[in-house]
Amino acid sequence: MRVGVFICHCGSNIAGTVDVARAAAELRKVPGVAFATNYMYTCSEPGQEEIKQAIQREHLDRIVVAACSPRMHELTFRRTIEKAGLNRYFLEMANIREHISWVGLDKEANTKKAIEAIKMAVAKVMQNKPLYSSSFKVNKRVLVIGGGVAGMQAALDCGDGGLEVVLVEKSPSVGGMMARLDKTFPTIDCSICILGPKMVDVAQHDKIKLYAYSEIEDIKGYVGNYQVKIRRKATYVDWTKCTGCGLCMEKCPSKNSYDYFNFGVAPTRAINIPFPQAIPKKAKIDPNYCRQFTRGKCGVCAKICPTGAINYEMEDEIVTEDVGAIIVASGYGLIDMDKFPEYGGGRYPDVITGIQYERLLNASGPTEGHIVRPSDHTEPKTVVFVSCAGSRDKSLGIPYCSNFCCMYIAKQAILTKDHIPDSQSYVFYMDIRSPGKGYDEFTRRAQEDYGAKYIRGRVSRIYPKGKKLIVVGADTLLGTQVEIEADLVVLATAVTAAPGAAQLAEKLHISYDTFGFYVESHPKLRPVETNTSGVFLAGAAQGPKDIPASVGQGSAAASKVLALFSKDMLESDPAVAKVNENTCVGCLKCKLTCPFGAIQEKELRGGKVVASVIETVCAGCGVCTSTCPCGAIQLSHFTDNQLLAEVNAICQK
Amino acid sequence: MSLDKLKQIITDVLKDVDVVIGYKQGFDALHATPCFVTKPEQVDEIIWSPLCVQNLAGYLTSLKKKVGIVVKGCDSRTIVQYMQEGLIDRNKVVVIGIPCTGILSVKKVLEKVKHEPVEEVTFGNDGTVIVKTPSGDTKMALSEVAPDKCETCLYPTPVVYDHLADEPIASTKDPQNVFKDVEEFNKKSLEEKKKYWEKEFDRCIRCYACRNACPMCVCQDSCIAETRDPHWISQRSNLTEKMMFHMIHALHLAGRCVECGECERVCPMGIPVNKLKKKINSDMKALFGYEPGVKPEDKPPMLTFSVEEKNIEEHKL
Amino acid sequence: MSEVDPKELRIVGFLCNWCSYGGADTAGVSRFKQPTDLRIIRVPCSGRVDPLFIIKALINGADGVLVSGCHPRDCHYSDGNFYARRRLEMLKRLLPFLGIDDKRFHYTWISASEGQRWQKTVTDFTSQIHRLGPLHSGKEAQP
């Protein structure tokens with residue numbers, strides 16, 4: 001074994017506080033080290049050339065580069081030694097910059113520490129084995145989870161790029177939250193007018209297969225080869241026969257069904273089409289409210305339906321789709337109003353959320369666009385908007401900002417004035433966050449052109465007085481307490497993770513943060529990738545964001561998938577776990593603990609059962625190796641022997 | 001319990017299985033030995049008495065045939081632990097359970113008779129044992145010469161069985177006392193404890209009897225204590241390597257040790273091998289409410305996790 | 001055989017590649033000064049850390065061992081640190097039973113952005129080990 005050691009000066013970053021020449025001299029004394037030198041900038045072209053020439057000249061077979069962090073340049077140096085003819089896994093790096101030269105003051109102590117760190121790397125590299133990638137075929141179909149604006153954009157871009165797309169949406173129609181909005185800021189475009197065409201494109205695109213009212217049941221496999229089980233939930237209406245005529249909805253006698261689309265601001269019928277522009281425009285029965293299901297007696301819709309589409313016996317159906325990549329665009333949720341007892345949320349009918357107000361504003365909404373108080377259906381003249389209901393509040397566990405509430409409150413204040421010219425809106429705010437294009441001008445318009453009164457302070461309490469609501473708050477700029485007699489109060493409730501986000505993440509093997517939002521690969525440089533290869537993120541599932549940002553991420557995720565599929569074969573990472581079938585006793589503890597289900601049973605000739613690793617699924621965590629009692633399964637490149645070599649290099653009694 | 005009833009059960013079970021494992025008389029009056037009954041004629045050799053100390057369940061993982069097995073309460077926990085880990089096919093095992101009224105420790109008896117050759121052992125109904133040696137009869141109470149594990153036995157009746165050879169017996173021991181010995185030991189100073197273990201492990205001759213007798217140690221020939229790939233310990237005979245071996249054994253049994261006590265019974269040097277594993281078991285109980293070898297549907301705590309751990313606090317420096 | 005400077009003790013650190021090793025890098029980039037005793041071994045996940053590594057280090061000459069991984073729920077491999085948490089807690093409670101002060105072993109969760117927390121952890125843990133002194137007095141009998 002002939003190990004070559006290259007100690008980098010990194011200019012003065014390392015050489016300033018580490019005596020690199022002495023380190024090289026000490027390393028030359030180590031048995032197994034055939035060559036040790038120091039160089040100014042090892043990662044530069046001449047530096048890499050030095051390494052390649054030394055490998056040829058000195059017949060080196062393993063290389064240690066003592067320089068910056070391997071998280072920085074491990075890939076660089078692996079390529080260097082590969083070009084010189086060595087297997088790329090015969091490289092180890094000793095981090096003597098981030099961990100030593102930059103954090104220690106004493107040159108003597110630093111040099112000693114550097115020498116030991118390099119000796120550890122030498123001990124490890126002497127245990128390294130060559131590893132070889134294998135290629136595997138990739139299935140060029142993509143699954144998009146979530147049919148909101150981000151998911152639809154991703155699906156359209158993938159479809160236009162020539163890929164087959166499977167789009168799964170949990171509610172009966174695509175459109176997500178944007179379909180519920182009346183107008184969008186800052187242009188006051190009609191939301192469904194700009195979204196509608198996208199929804200139709202998705203439905204009519206020859207490459208997009210839409211599963212509405214369906215959820216992800218199970219996902220197996222690995223990047224390039226996923227098998228996805230989709231649960232098509234029972235709608236009790238045969239959608240191949242339903243024409244969306246709406247007769248059933250007109251005649252249904254059960255009128256107090258909870259309306260999911262309208263966030264409960266008004267009831268709907270037990271059989272309904274969620275909104276006029278719904279896609280697919282098909283009816284669905286809610287069995288919790290349908291009299292046929294709850295009382296066993298009704299059947300009006302079945303009699304009325306001109307195509308005989310009603311089927312009370314329908315059951316959920318599981319279908320399987322094979323795909324090669326997954327884009328998660330599962331959207332967001334909103335905090336429940338009952339978290340604000342001091343505002344009477346959930347108790348007073350005239351205290352509603354921003355999205356409920358949006359439904360009142362919407363001409364296709366339950367009140368046909370007439371803003372009315374839910375309690376007595378009269379027109380409100382004084383409307384109070386409360387920003388940050390839940391957001392930026394550590395006591396509720398929501399320390400973050402919900403991104404778009406400042407903007408939509410300004411929009412809703414403007415629209416209120418449009419609908420009710422003699423109304424007066426008040427907005428209680430902490431800060432006004434309007435960073436986008438035209439956003440700040442928009443929030444100013446609300447105040448300057450539409451007369452909305454902005455009060456900088458928080459609301460402490462809301463209580464009813466006769467038919468009105470008294471809103472008690474602070475005006476910090478004036479330094480006084482304020483009380484407003486409101487007819488209607490709109491709370492800008494905090495954005496949360498979508499319901500069921502954690503369960504979906506577990507099926508996908510992706511991480512989520514404390515708040516339930518999915519974790520991206522790098523917060524700055526890789527916002528739409530996850531650490532699980534083949535799974536990408538788009539939209540508010542990754543964190544609260546507005547429509548342009550969601551659309552942007554939808555397209556970004558699609559471009560990542562298109563790049564992934566640009567080759568027919570993918571290379572697997574060879575640093576995966578391997579089983580020594582001679583020593584494996586078949587206890588299968590590794591199979592039990594593998595977070596990715598990458599281990600299966602294998603029967604050898606003679607009947608002995610051993611463990612076997614599916615190399616393409618193995619992510620390289622090493623839990624199997626630390627679980628295995630007989631050391632039969634080892635994570636390549638981080639085997640017990642390799643780590644023990646490092647431990648032994650440090651601890652010598 | 002009538003020996004005839006046990007023999008009858010074994011004869012019946014033998015019709016459905018390839019072999020029934022029970023106990024027969026050993027090489028002298030003080031020892032019983034495992035008996036592999038394959039023919040009905042062998043059933044007469046079967047015995048049952050406080051001499052039946054071995055944990056026969058350890059054979060199950062290496063037998064591929066259909067097996068009948070005689071187990072005491074403590075032995076049956078091994079079978080349940082095997083079920084939790086998927087190491088046996090429950091359909092291939094017929095469990096003949098015997099509610100246990102106590103066994104003896106051969107080492108303790110030999111101490112009492114000053115290691116003289118034992119000619120005869122008789123058991124009285126009042127819990128007495130009379131041991132006959134060349135110098136005469138020595139009388140002792142069974143409770144005096146019982147192994148330590150019987151002192152805290154919570155499961156005299158097997159926790160799993162297909163046939164029960166007698167009426168079930170309830171435990172008379174207080175569950176709070178199970179870990180009293182490790183709690184008392186832990187109260188000593190760090191220095192005292194360190195010296196204690198150094199003294200105990202230094203006596204170890206790395207015969208691996210404890211590992212071989214342990215029913216949960218299924219790795220046997222692949223054991224990392226004796227291999228160079230991976231190279232955890234060397235064959236050097238010093239305290240460091242010996243201690244490392246015992247740590248490997250104890251940590252690999254974390255949350256799996258059913259406290260059958262075989263390890264201590266077979267150690268030729270009298271090292272308290274079970275103590276470390278018992279300490280870990282007390283932590284498994286405190287942290288996860290887990291007791292090895294009691295419920296087949298449980299999952300060994302070191303092989304699973306909870307997203308929220310109620311009893312693990314983040315450590316601050 | 002490396003001689004231990006009496007000013008320095010031997011502390012071994014097992015850091016997970018995705019979070020804690022990144023946190024140590026972040027501390028380096030921000031030039032947060034730390035004592036030099038610690039020697040870092042990179043592992044892909046805190047779940048890779050077999051408790052036996054810690055025992056091996058302690059009984060073979062280390063005076064202290066530090067393990068750091070991603071915060072529970074943020075593991076790059078989803079569940080690795082959940083296993084680590086259980087196994088390392090078990091080990092921590094076992095050490096005093098063996099006569100080894102459990103303050104010589106510390107496990108914690110540090111993310112890639114927490115450079116300052118890394119600096120504090122290394123500084124505080126090194127001080128703690130120095131207060132406890134060397135684990136091995138050198139009076140051990142060798143064959």
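Sequence lines set the chain letters: A, B, ... in the order given, protein chains first and strands last, and positions in each chain run from 1. Remember, predicted model here, so these are calculated numbers, not experimental data.
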Would you mind checking which part of [X] comes under 4.5 Å of any heavy atom in chain A, side chain (CB onward), backbone (N, CA, C, O), both or neither?
X        : result
B/Asp221 : neither
B/Leu303 : both
B/Lys64  : neither

- N/O donor-acceptor pair under 3.5 Å between A/Asn641 side chain and B/His231 backbone: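 Yes, A/Asn641 side chain to B/His231 backbone: donor-acceptor pair under 3.5 Å.
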[X] [atom1]: over 12 foreign heavy atoms closer than 6.0 Å:
X        : atom1 : value
A/Lys602 : NZ    : no
B/Gln235 : CD    : yes
B/Arg203 : CZ    : yes
A/Lys608 : NZ    : yes
B/Lys149 : NZ    : yes
A/Phe638 : CZ    : yes

- Message: Looking only at heavy atoms and a cut-off of under 4.5 Å, which of A/Gly586, A/Pro629, A/Ala645 has the most pairs with chain B?
- Response: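 So the answer, after comparing A/Gly586, A/Pro629, A/Ala645, is A/Pro629.
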- Non-hydrogen atoms of chain B under 4.5 Å away: do they reach the side chain of A/Thr627, the backbone, both or neither?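 Side chain only.
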- Quick one: what part of A/Gln634 sits under 4.5 Å from any heavy atom of chain B, side chain, backbone, both or neither?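 Interface part for A/Gln634: side chain.
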- Task: Return the minimal non-hydrogen interatomic distance between B/Pro230 and A/Cys630, and the atom names on each side.
- Result: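 Minimum heavy-atom separation between B/Pro230 and A/Cys630: CD-O, 4.4 Å.
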- Task: Can you see which heavy atom on B/Ile224 is nearest to which on A/Gly631, and at what distance?
- Result: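 Between these two residues, the closest heavy atoms are CG2-N, 3.8 Å.
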